[in-house]
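Just so we're on the same page: letters track the sequence lines, and every chain starts at 1.
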Amino acid sequence: MTAQTSPTFLDGLLTGVPIVLGYFPIAFAFGVAATGQGLSPVEAFALSLIIYAGAAQFLALALVTSGAPLLVAAFTLIAMNLRHVLYGPALMKRAGPGARRRHAWAWAFGLTDEVFGAALGQLARGRRFSEPFMFGLGLAAYASWLSGTALGAYAGGGALADWPVLEAALGFMLPALFLALLLSILSRAQLPVIAVAAGATVLVTLFWSATAGILAGMIAGALAGVLGLRGRHAG
Amino acid sequence: MRAEILTLALIVGAFTWAFRYLPLRADLSRLPEGGRLSRFLAATGPAAIATLFTASALPYLQGSLPLPLILGTGAVLAVFVATRSVVGATMAGSAGYGLTIWMT
């Protein structure tokens, strides 16, 4: 694939392979945890089908099982997903002025953290933006998330209890994927952005909450880009 | 299926979709190159991914010496530098982490 040709749906599916590998075990763990905490397999699957945001789904389990009021739980989960407002403009900025987004209402549903990271990584490597590519990338990730949840819910709570090493290895898949995605878009100009984002995440998580830490890290890192990337190309 | 779980999923799902889609409609073509908003958006990607890595790795730092975290992270770095493959690096990191736990 060169920078002159538009990436296809199949290109998107293939680019989604690492996300598929990363999502499946996490979604499996979600399905196991959900049924282990009293949700039916259908309820576990519905959370993945409709919300489709991993961290928020795990938090939803905690809120539902703790008996939190519906509106409190909804507000908490919405606040947790607020970071997603940054992804679309960042992606379109990188895609350039000619990028089509006629069907964005559909593929944007799948613009998760990892899909955003993978798409950005491809653009950083010189690939053009295309909607079929976004559909392929998003569908691969979504299918993996749904099938993992279904299998985990079917296996039931405690399915991995006899395999602690496997459970630990699967659990580390997500940090490993984020680190690999970070390496794929890394450049010297972005090091201050990354350092500030990581530092803010640690501090705010330690002194406030994990959700606040994620929002603080993203905003602090982006603001560091405003201050530190003057006259340099950040992408 | 309990109605409150379906309602919760629908409310959160609708907002999440709106967060992902509506900002995509913004017309960024007239943003001045090198302007503040351009720089903010250009830095958002690396900042977001660095944040998510940090947030997902932080729980592994609690308790005793995080040797599995160190070796798992090292495996990701080594395989990515050698192959430039996101797939390979992710798998190596997971395997490195699991093997370290198995051996210790």
Open item on the list: Please classify the contact between A:F109 and chain B as side chain, backbone, both or neither, with a heavy-atom cut-off of under 4.5 Å.
Closed with: both
TODO: Below 4.5 Å from any heavy atom of chain B, which atoms of A:L91 appear? Answer side chain, backbone, both or neither.
DONE: neither
Task: Atom group of A:V64 that falls short of 4.5 Å from chain B, counting heavy atoms - done: side chain
- [ ] Evaluate the side-chain proximity of A:V85 to B:R20: yes if any heavy-atom separation is below 4.5 Å, no if none is.
- [x] no
Open item on the list: Which atoms of A:L120 are under 4.5 Å from chain B, going by heavy atoms: the side chain, the backbone, both sets, or neither?
Closed with: side chain
Open item on the list: With side-chain contact (heavy atoms from CB on, under 4.5 Å) as the test, pick out the partner of A:M218 among B:I49, B:T44, B:L52.
Closed with: B:L52
Open item on the list: For chain B, which candidate among A:A118, A:A53, A:A168, A:P164 shows the most heavy-atom pairs at distances under 4.5 Å?
Closed with: A:A168
- [ ] Return each pair, listed once, that meets ring-ring contact (aromatic ring centres under 6.0 Å, His included) where at least one residue sits in residues 85-104 of chain B; pairs must be two or more places apart or across chains.
- [x] A:F172-B:Y97, B:Y60-B:Y97
TODO: Find the distance between CD1 (A:I78) and CD1 (B:I11) and round it off to the nearest 0.5 Å.
DONE: 7.0 Å
Open item on the list: Which atoms of A:T205 are under 4.5 Å from chain B, going by heavy atoms: the side chain, the backbone, both sets, or neither?
Closed with: side chain
Task: Contact class of A:R102 relative to chain B, heavy atoms under 4.5 angstrom - done: neither
Open item on the list: Using heavy-atom distances under 4.5 Å, tell me whether A:L21 contacts chain B through its side chain, its backbone, both, or neither.
Closed with: side chain
May I have the list of side-chain donor-acceptor pairs in residues 68-83 of chain B shorter than 3.5 Å, sequence neighbours left out?
| from | atom 1 | to | atom 2 | distance (Å) |
| --- | --- | --- | --- | --- |
| B:T73 | OG1 | B:L69 | O | 2.7 |
| B:T83 | OG1 | B:V79 | O | 2.7 |
| B:T83 | OG1 | B:S85 | N | 3.2 |

